[in-house]
Amino acid sequence: MAKPVPLLAEMLAAAVLLSACESPNERLPEYELAGQTMGTTYSVKLVAPDENIDRIGLGEKLHEKLVYIDGSMSTYDQNSELSRFNAAESTDWISVSAELCSVISSALDLSSRTDGAFDITVGPLVNLWGFGPEGVISVPPADDQITAARSRIGFEKVSTDCGLPAIKKDQTDIYVDLSAFAKGYAVDQSAELLEANDVANYLVEIGGELRVGGHNAAGKPWAIAVEKPLDNTREVQSVMNLTNSAVATSGDYRNFFEYDGNRYSHTIDPRSGRPVTHEGAAVTVVSDSAADADALATALLVLGPDDGLKFAANQGIAANFLVRTDSGIEHQRTAGFSALVN
Ligand code: ADP
Ligand code: MG
């Protein structure tokens, strides 16, 4: 789940400043807890928390929770529960924590809802294309390598029994990758931890996936920016005013390599075994759950602007596609997303 660059952190700072300027003299106190997790950064803003809240203790609990999630679900840590499941040469039920079981079960639901566009068994292809823990590549893999990896893909080959709790795979070489889900899940868990500790006004962000509750330091809905899909700079494409919502973005403009004039990015189309190639550069999804938003953004990027937009509209998903055209970047939105934009 490591990813080198946080997508929205700077943008968020800019967005929060935007709302601050509206009433410069009336800012409420704001505290930030920040650190590193899942190969990226996290940032949590608490606005006017109750004076009785132990902020240092809360920061420690939050950090502990993130360390636990990463230690359980990372494919970059060979000792994580998930890595041990992946390495197991067995098709029997393997006992796992209730939490990992429930995360895999929810992720499988999303794989089935998106007809496998989001597929947590895509790991062998992710690694083959140089976007996993095995390191980067500069030349695309050969067709026979892609064919071999594709024989290991298929979310229906993984089952959960969370009554036990345990998971199993139908083929020993199945490899589960939660990188397009776990950051969102960790954002949800952090938000729920804050709410359980009586913090109502907050922003949680991990590597660009985020969730907000209540209001910002200006007493207004959080102003969240969607950035333009540009390789080397950060510019605001649009701003949404949100409360009690989660936002996730998947794009092809931060984690990619180029070969022979083609761009190969870290979103893999499980149907072809190759990185997505259409003109859709980024997808942002707004939802109640950051985990769902995270997975759906990946699924919609796989489906592309045409099929993805139809799918999102049918399913009532608030989604924004940023598409490269001859005249620059254009947005295509579902009605649910348009309603959120300023
Ligand atoms: P980011 O990590 O930049 O937030 P995503 O949430 O889109 O971006 O996750 C991308 C990661 O998800 C990839 O690095 C890879 O590990 C994994 N992945 C790639 N394609 C798929 C897919 N079709 N379904 C599920 N996971 C995927
Ligand atoms: Mg994602």
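Note that the coordinates shown come from a computational prediction; the quantities given were computed from them, not determined experimentally. Read the numbers this way: they start at 1 and go in the same order the structure lists the ligands and their atoms. We count residues from 1, following the sequence as given.
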Of the choices Val283, Leu301, Asp177, which has the non-hydrogen atom that lies closest to atom 17 (C) of ligand 1?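 Among Val283, Leu301, Asp177, the closest heavy atom to atom 17 (C) of ligand 1 comes from Asp177.
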Quick test of your reading of the structure: of Arg271, His266, Met38, whose heavy atom lies closest to atom 14 (O) of ligand 1?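 It is His266 whose heavy atom sits nearest to atom 14 (O) of ligand 1.
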What atoms of ligand 1 come within less than 4.0 Å of a heavy atom belonging to [X]?
| X | result |
| --- | --- |
| Ala117 | 22 (C), 23 (N), 24 (N) |
| Phe118 | 24 (N), 25 (C) |
| Thr267 | 19 (C), 20 (N) |
| Val302 | 23 (N) |
| Lys183 | 1 (P), 2 (O), 4 (O) |
| Ser250 | 5 (P), 6 (O), 7 (O) |
| Pro270 | 23 (N) |
| Val122 | 18 (N), 21 (C), 22 (C), 25 (C), 26 (N), 27 (C) |

Which class fits the ring pair Phe131 and His266: parallel under 30°, tilted 30 to 60°, perpendicular over 60°? perpendicular
Using the side chain to side chain contact (heavy atoms under 4.5 Å, CB included) definition, which of the options Thr284, Val285, Thr267 pairs with Leu300?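 For Leu300, the side chain to side chain contact (heavy atoms under 4.5 Å, CB included) test succeeds with only one of Thr284, Val285, Thr267, which is Val285.
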Which of these passes side chain to side chain contact (heavy atoms under 4.5 Å, CB included) with Ile120: Ile174, Leu110, Leu108? Leu108
Is there a salt bridge (charged side-chain N to carboxylate O under 4.0 Å, His left out) between Lys157 and Asp119 once you walk through the steps? CA-CA 11 Å; Lys157 297 175 188 165; Asp119 187 330; over 6 Å; no
When clusters are formed by joining ILVMFWY residues with side-chain heavy atoms under 4.5 Å apart, either directly or through shared neighbours, do Ile146 and Ile268 land in the same one? yes
Would you say ligand 1 has an N or O under 3.5 Å from any N or O of Thr298? yes
Look only at interatomic distance and state if Ile268 has a nitrogen or oxygen under 3.5 Å from any nitrogen or oxygen of ligand 1. yes
Would one find more than 12 heavy atoms of other residues, nucleotides or ligands at under 6.0 Å from atom CG of Asn262? yes
Look at ligand 1 and say whether [X] reaches it with a heavy atom at a distance under 4.0 Å.
| X | result |
| --- | --- |
| Asp294 | yes |
| Glu209 | yes |
| Gly208 | no |

Flag the pair Tyr264 / Phe256 as yes when their ring centroid distance falls below 6.0 Å, and as no otherwise.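 Tyr264 vs Phe256: aromatic centres not under 6.0 Å.
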Thinking salt bridges, do Glu60 and Arg55 make one under a 4.0 Å N-O criterion? no
Salt bridge or not for Asp70 and Lys183, using N-O below 4.0 Å?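 A salt bridge is absent here (no side-chain N lies under 4.0 Å from a carboxylate O).
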Quick check for you: to the nearest 0.5 Å, what is the distance between Ile329 atom CD1 and Gln237 atom CD?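 Going from the CD1 atom of Ile329 to the CD atom of Gln237 covers 8.5 Å.
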